Every structure is written in C-alpha cells, then in structure tokens.
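Model, not experiment: these values are computed from the prediction. Note: hydrogens, waters and symmetry copies are ignored here, and every other heavy atom, side chains too, is used.
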Amino acid sequence: LTIPCEMCIRDSGTPVRIAAVNWFGLETATMAPHGLHTRNWKDMMDQMAEQGFNAIRLPFSGQAILENGTPNGIDFSLNPDLVGLNSLQLMDKIIGYAGEIGLRILLDHHRSFAGDGPNGNGLWYDGRFTEARWIDMWEDLAARYRGNPTVIGADLQNEPHAASWDAWASAAERAGNAILAVNPDWLILVEGVGSHNGESYWWGGPHAGGPELPVQLDLTNKLVYSPHDYPNSVYAQTFFSTPDFPNNLPDKFDDMWGYIWRENIAPVLIGEMGTKMQDPKDLLWLEKILGWLQGDLDGNGTIDRTDLGPSFAWWSWNPNSGDTGGILADDWRTVNSAKLA
C-alpha cells in the first residue's frame with residue numbers, strides 16, 4: 001500500500017498513504033532516538049526504509065528542543081558523526097538523511113519536560129513550558145524546515161487526554177495557524193482527547209472534529225485528524241469484554257474517529273497503533289482495525305470503499321516499548337516478520 005515517496009513532494013493529485021513507524025526516545029531523558037547505544041543511526045533508518053515504511057513519526061520533548069538538550073545513551077564509537085550535537089542538531093541530521101533515502105518526517109511534540117509518555121497533566125502545556133512557548137517552538141521549527149520537503153507535518157501535541165475537545169480544538173487552531181503563517185506547506189495533525197460526551201476511549205482517540213466543533217485552520221487542505229488506537233493488552237477496556245466483541249469494534253472506530261474519513265470531513269492518520277501480538281484479543285482487534293483501514297467499514301470481510309483508507313504510524317520501531325514491543329526484536333536488529341506482515 002505504499003507509494004514511492006518522490007510522489008509525496010509533488011502536487012500531482014496522486015493519493016498517498018503515509019505508512020509511518022514511530023521511533024521514540026528524543027522525548028525521553030535520553031534526548032535522542034533510542035537504539036543508538038547499540039547501532040549506527042543511519043543503519044537503523046536504512047532498515048526502516050527497507051521494510052517498506054515511507055515516513056517516521058519522530059516524538060520529541062519541548063525541553064530537548066527549547067533548552068539545548070544533550071543527547072545521551074549513544075555509543076559514539078558507532079555514531080561518531082553525532083559527537084557534540086545537541087538534540088535539535090540531531091533532529092537536523094535525522095531529517096537530512098531521511099530525505100536522502102526517501103523517508104518523510106512527521107514531528108510529534110510528545111511532551112513538555114523530557115520523560116516518558118504524554119504530559120502528566122494531560123494538556124499541551126506544563127509548568128515553564130507555557131502555551132506561548134509551545135507555539136513559539138512550533139513556529140521556530142516551521143521556519144527551520146521551511147522549504148524542506150522531507151518534513152511534511154506537525155503533530156501538535158501527543159495525547160491531550162485531560163482537555164475538553166472545545167479547549168483543545170481552540171488551542172490547535174492557534175498553534176496550527178501560527179505554523180501555517182510561517183510554513184504553509186506543512187500538514188497540521190490534531191489528535192483527539194481522552195473522552196467525549198462522557199464516553200472514554202484511548203488517550204488521543206476521541207475526536208469531535210466533525211459537525212460539532214471542527215478545527216478551523218486559515219489554509220484549506222492542511223488539517224489531518226490523528227487519533228490513537230490500541231488493543232486489549234494495553235488496557236482492558238470494557239468493549240473488549242462485551243458479548244459482541246470483536247464485531248463491535250468497527251462501530252467503535254467509526255464513532256471515535258472513523259466517521260471523519262468516512263464522511264470525507266478530513267484525512268485521518270492513526271498516529272499510534274501497535275501490539276505485542278500475544279493476547280488473542282489483540283489479534284482480533286488487529287484484524288478489525290486493519291480491515292477498517294483497507295475499507296471494510298463494517299467488519300464483515302467485504303471491502304466497502306476501495307480508495308486509500310486512513311494513513312497510520314505503527315507504535316513502535318523500538319523494542320523497548322513496554323506496551324507493544326517493537327518492529328525490532330530486543331536485539332535492536334531482527335525484524336518481527338509477523339508484525340511487519
């Protein structure tokens with residue numbers, strides 16, 4: 001389902017599915033993508049491209065970018081060209097090489113302070129990392145990579161799960177419009193919140209971006225809604241244990257994010273989805289969500305729409321994700337062929 005990436009940078013009208021993989025670590029205390037303790041960074045990226053991914057969703061922290069973060073956890077004998085770089089310069093290197101090998105980059109502001117997971121307060125600002133600094137940071141990144149076709153978009157904030165949709169949509173408009181005023185080429189990815197109208201779902205999952213309260217950007221065709229969706233092993237939500245499971249899942253996908261694509265309101269890119277593929281319920285979830293992405297919207301095995309479905313970014317490339325494991329095995333080299341398939 002991937003398309004040669006040179007098409008991604010042409011305004012040719014050719015539909016392209018972003019088939020990305022998450023490579024995390026730059027948002028953590030390491031302040032660098034993980035795995036560089038045991039491998040060369042270019043070798044790692046070459047392998048991503050070889051496996052058929054056409055993009056990387058690259059999480060980072062505001063602290064790493066705004067406060068001259070110092071990458072660590074790197075074997076510099078394997079990565080001598082990274083010696084002395086700060087986190088932003090390391091990001092430059094990754095983006096530069098991605099362009100050389102045909103990968104595209106989605107920048108993901110994963111959290112404010114360096115650490116694991118989303119902001120603990122579930123918002124897009126935290127402590128000294130105010131909303132104003134968040135927007136300034138995005139403007140600076142948009143200016144830094146303006147004219148660089150490798151960077152295709154900004155995932156504004158990872159999992160703002162404690163926000164109401166109204167508040168988050170307004171903040172996303174402020175940040176998105178500020179970015180587009182500097183760099184009109186980028187896509188603006190807007191994640192969901194944690195619950196909507198009293199119904200909880202995955203952090204980053206529920207979207208009310210349709211008729212109720214859509215995000216309004218100053219430029220058309222730049223908005224992408226980007227939910228997250230996970231299986232039973234990550235958290236045993238009630239809908240995994242109802243008598244109609246797994247046949248209830250297509251309607252759940254549709255209610256939370258799928259209707260946005262189905263009704264042609266806006267493009268959808270599932271920013272995180274993944275599993276260790278060990279829980280039998282996970283495999284049923286995977287079958288249903290992959291079917292939805294392929295156009296089987298009711299889960300009956302028949303393709304209802306034949307156009308390219310939503311894009312995605314698999315979580316994760318890294319094997320050290322406690323929730324999902326990775327495309328790579330724990331040796332940071334061997335590909336999990338079942339996941340890749």
Side-chain angles (χ1 to χ4, degrees), residues 18 20 27 57-62 65-66 105-112 117-126 129-143 145 151-197 201-229 256-261 263 265-272 310-313:
I18 297 169
E27 82 284 11
R57 180 175 178 258
L58 187 65
F60 66 90
S61 71
I65 300 305
L66 290 169
I105 299 291
L106 288 165
L107 296 176
D108 157 45
H109 182 248
H110 213 71
R111 54 182 293 116
S112 300
N119 278 351
N121 65 5
L123 301 172
W124 53 96
Y125 54 88
D126 189 10
F129 296 98
T130 63
E131 177 178 304
R133 289 190 78 190
W134 173 66
I135 293 176
D136 286 346
M137 175 198 68
W138 274 124
E139 288 177 320
D140 289 346
L141 289 171
Y145 302 120
V151 185
I152 59 174
D155 190 337
L156 297 177
Q157 180 62 39
N158 177 61
E159 299 183 352
H161 55 277
S164 69
W165 175 257
D166 300 35
W168 168 231
S170 295
E173 289 175 359
R174 292 189 291 274
N177 285 327
I179 289 169
L180 293 174
V182 174
N183 186 341
D185 294 329
W186 274 12
L187 298 172
I188 303 299
L189 276 63
V190 179
E191 299 191 21
V193 287
S195 63
H196 181 62
N197 290 337
Y201 198 58
W202 299 107
W203 287 355
H207 276 80
E212 290 181 58
L213 188 65
V215 172
Q216 301 281 357
L217 297 178
D218 294 338
L219 298 182
T220 58
N221 299 321
K222 298 299 177 184
L223 173 66
V224 178
Y225 288 108
S226 188
H228 292 179
D229 211 292
M256 291 297 166
W257 49 262
Y259 75 97
I260 297 173
W261 176 77
E263 297 179 10
I265 294 168
V268 169
L269 185 154
I270 301 177
E272 292 183 18
S311 295
F312 63 89

Just so I know, are the side chains of [X] and [Y] near enough to count as touching, which here means a heavy-atom distance under 4.5 Å?
X      : Y      : value
Pro227 : Met256 : no
Leu269 : Leu106 : yes
Arg57  : His110 : yes
Asn177 : Asp218 : yes
Asp229 : Trp257 : yes
Trp203 : His228 : no
Asn158 : Pro59  : no

Atom of [X], atom of [Y] and distance for their closest heavy-atom approach:
X      : Y      : result
Arg133 : Leu66  : NH2-CB, 3.7 Å
Leu219 : Pro184 : CD1-CB, 3.6 Å
Ala154 : Ile179 : CB-CD1, 4.0 Å
Ile18  : Ser311 : N-OG, 2.9 Å
Leu223 : Ala266 : O-CB, 4.2 Å
Met137 : Gly62  : SD-CA, 4.0 Å

message: Tell me if a side-chain donor or acceptor on Asn119 pairs with a main-chain N or O of Asn121 at a distance below 3.5 Å.
response: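 It does not hold such a pair.
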message: I'd like to know if the side chain of Trp138 reaches the main chain of Leu156, judged simply by a donor and an acceptor atom lying under 3.5 Å from each other, with no hydrogens or angles considered.
response: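 Yes, because the side chain of Trp138 sits within donor-acceptor range (under 3.5 Å) of the backbone of Leu156.
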Drop me the distance from [X]'s [atom1] to [Y]'s [atom2], to the nearest 0.5 angstrom.
X      : Y      : atom1 : atom2 : value
Ile265 : His207 : CD1   : NE2   : 11.5 Å
Ser112 : Gln157 : OG    : CD    : 6.0 Å
Asn221 : Ile188 : CG    : CD1   : 13.0 Å
Leu107 : Ile152 : CG    : CD1   : 9.5 Å
Glu159 : Glu272 : CD    : CD    : 5.0 Å
Ile135 : Asp140 : CD1   : CG    : 12.0 Å

query: For the residue pair Trp134 and His109, does the interplanar ring angle fall in the parallel (under 30°), tilted (30 to 60°) or perpendicular (over 60°) class?
result: tilted
query: Tyr225 vs Trp165 aromatic rings, parallel, tilted or perpendicular, using cut-offs 30° and 60°?
result: tilted
